Structures are given as structure tokens and as C-alpha cells.
Q: 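First the structure, which I've put down as C-alpha cells, then a few questions once you've had a look.
Model, not experiment: these values are computed from the prediction. Count residues from 1 along the sequence.
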Amino acid sequence: MTNEFIKDILHDFNTPISTIRLNLRLLPESNPKIKQRIASAVDTILNLQKNLKEFINEDMGEREAFDIKSLIEQRIAFFSGSYPHIYFNLDMESKNIYTYKNAMIRIIDNLLSNACKYSNNEGNVSVSLDQNILSIKDNGIGIKNPKKIFDRFYKETSRGLGIGLHIVDKLAKKMDIKIEVRSKINKGSVFKLDLSAIMDQSQQTRQTNTKDYL
């Protein structure tokens, strides 16, 4: 019953979102800040919609090989439009992984979204990849109870539904990605994702394809 209720809500989202987007284009360019705030609000609704879809969706699709750096560059470009006051720093080289791409996007989007939402006015969000450890770091408000943040419906502020990080944890476990969280109040947080397992799978796939060809 809960899943059917969520599906109905998701369907009802489409009409108001389309109306907002259509009227947003009609606003005069003399109000760029207002347009940006509305656009940011629409992006927030769309992100919530994606989270709700993931909440009830068990089909992760097919695994594929793709460049993790290119994917993160695309997601940073998306969030930088909604959070112009945030400075993004990307420190990583191109590296292929072999996993569920849409699920990886959900993980990255949720972590980047939280890093932006809970950063300071002049926030910094850093993304790096070292020794197969993907780190997403912010200088925001921090987390009081890092051990509880992956619990369903747990939240420390009035914002959101408390399912974003639960989805991150659920997807990461299915993809064999280990997550470590470190945080200090009023200093910021860092999420570390161990991508070793999906790096290995990508290498094995390339080797298998080569043997098949030979």
C-alpha cells in the first residue's frame, strides 16, 4: 500500500513541475536571482522524486563500464547551477568502473546534494579519488550522530524526508561499496566510498572480453 501511495504521488508531481518549468521560461531576464531560486527549488523536487522512485524500485538495470571522473564532472555541473555560492574542487584522474550507472548517479547525487545543502554560505565541496577511495568532503554544519544517518527516516534537521542516505547505503551494499563517514559539528563532513570491488570487476570484464576475442 505504501508503494502504491508513493507511485501516485510521483505521478502527481509531473504536472506541477512541468507548469513551473514552463512559466519559469516566461519570467523576464531582469530577475535572474528569482529565476535561480525557483530553478533550484525545482531541482530539489526532482531530486526528491528520484529518491522516492529509488525507494520503491528494486530493478537496478544492467551493469556497464564508464568513467567515474566524467560522471562526477556531469553531476558537479548540474549542482553548480543550483548552488552558485558553492565552490567545487575535483581532484581525480579518469578511471573506469563497472557497475550500475543509474545507481551510482543516485549515490553521487545524494552525497553532493547534502554537501551543498548543509554547507556554509561560502561553502566548499571537494571530490577526490585516491587508491580507489572516492571522497566527498564539505565544510558544512556537520553530523551529530554519524552512525544513525543511514537509518530510514532519520534526519537531524527539518529538511528532507530522511531517506536519501538510507538509499545511498542500500545501493552501496548491493554494489559492494563500503562507506566510511567522518564528521565534526560546524567543521564539515567527509564520505569515503571504497570502489575497489567495482574497479576489480571492470578489470576482470576487460580481460574476459579480450580472451573471448582471441
Side-chain angles (χ1 to χ4, degrees), residues 47 50-79 88-118 125-138 140 142-143 145-154 160 162-184 188-214:
N47 194 51
K50 290 177 182 177
N51 276 336
L52 288 171
K53 286 180 179 179
E54 188 59 51
F55 184 74
I56 61 175
N57 184 20
E58 297 296 331
D59 183 13
M60 297 175 65
E62 299 292 333
R63 289 183 295 176
E64 59 183 295
F66 56 92
D67 180 12
I68 184 63
K69 179 184 179 182
S70 177
L71 175 66
I72 292 177
E73 286 176 337
Q74 294 172 15
R75 305 322 298 160
I76 287 178
F78 172 79
F79 284 103
F88 292 91
N89 178 57
L90 180 61
D91 181 18
M92 60 188 299
E93 298 179 355
S94 293
K95 186 169 287 191
N96 275 356
I97 61 176
Y98 182 74
T99 190
Y100 304 97
K101 189 172 184 179
N102 287 335
M104 196 69 197
I105 291 174
R106 298 306 314 131
I107 291 175
I108 298 300
D109 276 10
N110 271 295
L111 295 181
L112 286 179
S113 176
N114 283 351
C116 292
K117 284 190 295 186
Y118 302 115
V125 175
S126 299
V127 183
S128 61
L129 181 64
D130 182 42
Q131 299 294 323
N132 294 341
I133 303 298
L134 179 67
S135 299
I136 299 179
K137 182 179 180 180
D138 66 69
I143 303 169
N145 297 296
K147 293 182 179 180
K148 298 181 65 177
I149 57 174
F150 295 119
D151 293 348
R152 185 184 298 181
F153 304 129
Y154 175 79
I163 63 172
L165 289 178
H166 171 72
I167 290 170
V168 167
D169 184 56
K170 182 178 73 170
L171 293 176
K173 287 177 179 177
K174 289 183 177 180
M175 298 162 68
D176 201 18
I177 297 174
K178 297 179 181 179
I179 304 179
E180 178 185 354
V181 184
R182 298 177 184 176
S183 184
K184 290 184 179 181
S189 306
V190 57
F191 287 75
K192 294 180 176 291
L193 283 65
D194 188 345
L195 307 183
S196 298
I198 53 180
M199 295 289 187
D200 292 340
Q201 291 173 13
S202 179
Q203 182 66 35
Q204 291 170 5
T205 299
R206 287 195 295 270
Q207 291 175 351
T208 301
N209 290 341
T210 301
K211 291 179 181 180
D212 291 343
Y213 178 75
L214 293 175

Q: Can you tell me if D138 uses its side chain to pair, donor with acceptor, with the backbone of G188 under 3.5 Å?
A: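 Not a single qualifying donor-acceptor pair exists.
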Q: Would a 4.5 Å heavy-atom cut-off, applied to side chains only, mark C116 and F88 as touching?
A: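 A side-chain contact under 4.5 Å exists here.
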Q: How close do P146 and S183 get, counting heavy atoms only, and between which atoms?
A: CG-CB, 4.4 Å
Q: Does NZ in K69 sit with more than 12 non-hydrogen atoms of other residues, nucleotides or ligands closer than 6.0 Å?
A: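 Correct, the count exceeds 12.
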Q: Please assess I143 against K148 for the test side-chain contact (heavy atoms from CB on, under 4.5 Å), listing each intermediate value before the final yes or no.
A: CA-CA 10 Å; I143 303 169; K148 298 181 65 177; over 6 Å; no
Q: Is any side-chain heavy atom of F66 closer than 4.5 Å to one of N96?
A: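 Result no, sub-4.5 Å side-chain heavy-atom pair not found.
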Q: Indicate yes or no: at least one non-hydrogen side-chain atom of K178 is less than 4.5 angstrom from one of L195.
A: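 No, side chains not in contact.
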Q: Working to the nearest 0.5 Å, report the span between CD1 of I149 and OH of Y154.
A: 8.5 Å
Q: Using a distance-only test with no angle check, is there a side-chain donor-acceptor pair under 3.5 angstrom linking D67 and S94?
A: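 On atom types as modelled, these side chains qualify, holding a pair under 3.5 Å.
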Q: So that I can tick it off, tell me whether R182 and E180 are bridged by a salt bridge, with the cut-off set at under 4.0 angstrom between side-chain N and carboxylate O.
A: yes
Q: Does the side chain of N114 come within less than 4.5 Å of L165's, by heavy atoms?
A: yes
Q: Would you say K192 and I179 make side-chain contact, with heavy atoms under 4.5 Å?
A: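 Not touching, per the 4.5 Å side-chain cut-off.
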Q: Measure the CD1-NZ distance between I68 and K101 for me, rounded to the nearest 0.5 Å.
A: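 Answer rounded to 0.5 Å: 9.5 Å.
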Q: Nearest 0.5 Å please: distance from the CZ atom of F79 over to the CG atom of L112.
A: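 Those atoms lie 5.5 Å apart.
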Q: Would Y100 and K174 count as a side-chain contact (heavy atoms from CB on, under 4.5 Å) here? Give the steps.
A: CA-CA 10 Å; Y100 304 97; K174 289 183 177 180; 6.0 Å; no
Q: Going from CG on L90 to CZ on R75, what distance comes out if it is rounded to the nearest 0.5 angstrom?
A: 14.0 Å
Q: To the nearest 0.5 Å, what is the distance between CG (D109) and CD1 (I167)?
A: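 Answer rounded to 0.5 Å: 11.5 Å.
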Q: Would you indicate whether the side-chain heavy atoms of D176 and I198 approach each other to under 4.5 Å?
A: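 Result no, sub-4.5 Å side-chain heavy-atom pair not found.
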Q: Side chains of I133 and L193, heavy atoms from C-beta outward: is any pair under 4.5 Å?
A: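 The answer is no; the side chains never approach within 4.5 Å.
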Q: For N110 and R106, what are the C-alpha separation, side-chain angles and deciding distance, and is it a side-chain contact (heavy atoms from CB on, under 4.5 Å)?
A: CA-CA 6 Å; N110 271 295; R106 298 306 314 131; 3.8 Å; yes
Q: For I177 and D194: C-alpha separation, side-chain torsions, deciding distance, then whether side-chain contact (heavy atoms from CB on, under 4.5 Å) applies.
A: CA-CA 6 Å; I177 297 174; D194 188 345; 5.5 Å; no
Q: How many angstroms lie between CG in L171 and NE2 in H166, if you round to the nearest 0.5 Å?
A: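 L171 atom CG to H166 atom NE2 measures 9.5 Å (nearest 0.5 Å).
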Q: Less than 4.5 Å apart, any side-chain heavy atom of I108 and any of L134?
A: yes
